[in-house]
Amino acid sequence: MVYEKYSYTIDADGLKMEFTFRLNDKIVFRPTAAIPHRAFLNFDQPKPLMDTLIFNIGMIELVSYWKCVCPKVVQVLPHSLDERQTAFWKKIYYNGLGEFFYTNGIKATIDDFMEIHAQNPVAGEHTLQNTSRGLNDNSYLVPIGGGKDSVVTLEMLRQHGVRPLIMNPREATTQCAARGGFSSEETLVIKRHIDPLLLDLNAKGCLNGHTPFSAMLAFYTLLAATLAGVRNVALSNENSANESTVAGSSVNHQYSKSLEFENDFRDYAANYVTRDVNYFSFLRPLSELQIAMLFARHEKYFDVFKSCNAGSKQDIWCGRCAKCLFAYIILSPFIEPARLNAIFGKSMLDDWELRGYFEELTGHTESKPFECVGTISEVNTALLMTKRRWYSDGDTPNLLKTFDYKGDMVSTETLFNDHNLSKDELDALRDAIGD
């Protein structure tokens, strides 16, 4: 696999990017991305800075195309990488594709699964340098995913100035931004397009599976923040994302949402991309349970938020997947059952067909669902809280009738210590969960 080149153009419509990845003489991928014009964006940036930002976006985009055949060698032509950079990228491939390897039965170690050759850039090209201009706007760029987490971040940071960012807008994301008071012209949009050839190869039997979407988003946010002149990028990844999906292993569906990735990325960005942008997760000190508690205070979003992957194109909660069941469970201690049932279209804890997912979420199987879900202890705590609060007098839903948890409870009053928040940001969270 060869990362052959990247290119970009800027005109009245905004910024357009294209990347070229060559698998062989017949298979060449050309994915594209664009950031449409907005009045608050400044596309007049130094070329070395734009080159650095966009080249690295190409590096993360390459992951999706590499996985279709898992070639042993990746050759990077546009720019060179030193040993530390190469190690960073190999770690993203290895850990970010951990679920992909697991589900496809691929046995590999981080040392032998692939090689990245990028020590000799093509003639006329250059080694990229970290570039810094200084961003003075201390407000926050907040990626909106359409679920409860980014809503909490948006609302909590609102008083300090926020700018929503949406990648590939869909109904839930645009509606959440709108309910937050932001028009489309006030929202930074990234339009990303997969090369149709990849989908065609997947349909013909090439390997497919989960890729580290949040890592890809991270590199796009460096570019977006630079263009918007905003110093802070506030993600909404909680502490729960650190837990492995498969018990006793490092396989984590949410690796690129983990603190490990966040710290690696911050270090890489500061040393090799730009020192201007402060990328961090605002919700890192919180559990999913605490986030659900905070989200339940914002009823204006109840009928528009969605985090079901299966139903995303139809803008629905499908009501049949592990993600829907988890979202229902984690919110169930804080939202009255009739209101919660109206949000999801039914009482999900009464649906016996979801028993398998219920067992996975509560820790009775080898792995949790391969979805962005909370920890096993959080799920069990939420269920116990729900049973005690709403069903102490009987009429217990089917999936709760045999539920009997005697493990450790997750606190809704304690913050986790490992994070990249400032003291003021941490104090804001402490005050919120103490209300």
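- Glu155 and Arg179 are not joined by a salt bridge, as no carboxylate oxygen comes within less than 4.0 angstrom of a charged side-chain nitrogen.
- The side-chain heavy atoms of Thr153 and Ile144, taken from C-beta on, include no pair separated by under 4.5 Å.
- Relative ring orientation between Phe261 and Tyr255 is described as perpendicular, the plane-to-plane angle rising above 60° on a 0-90° scale split at 30° and 60°.
- Between Phe55 and Tyr3, the ring centre distance stays below 6.0 Å.
- Legend: residues meeting ring pair (Phe, Tyr, Trp, His ring centres under 6.0 Å) with Phe213, ordered by chain and number and at least two apart, are absent.
- Annotation: side chain of Ile35 is in contact with side chain of Leu188 (closest heavy-atom distance under 4.5 Å).
- Partners of Tyr357 by ring pair (Phe, Tyr, Trp, His ring centres under 6.0 Å), not counting sequence neighbours: none found.
- Aromatic ring centres of Phe295 and Phe305 lie closer together than 6.0 Å.
- Relative orientation of the Trp66 and Phe101 rings is perpendicular, given thresholds of 30° and 60° on the angle between their planes.
- Asn56 and Tyr272 form no side-chain donor-acceptor contact under 3.5 Å, judged by distance and modelled atom types alone.
- Relative orientation of the Phe21 and Phe19 rings is parallel, given thresholds of 30° and 60° on the angle between their planes.
- For Tyr6 and His79, the distance between ring centers is under 6.0 angstrom.
- In Asn24, the CG atom is crowded: over 12 heavy atoms of neighbouring residues, nucleotides or ligands sit closer than 6.0 Å.
- Evaluation of the side-chain hydrogen bond (donor to acceptor under 3.5 Å, both in side chains) test over residues 306-316, restricted to residues two or more places apart or in two chains, returns Asn309-Glu371.
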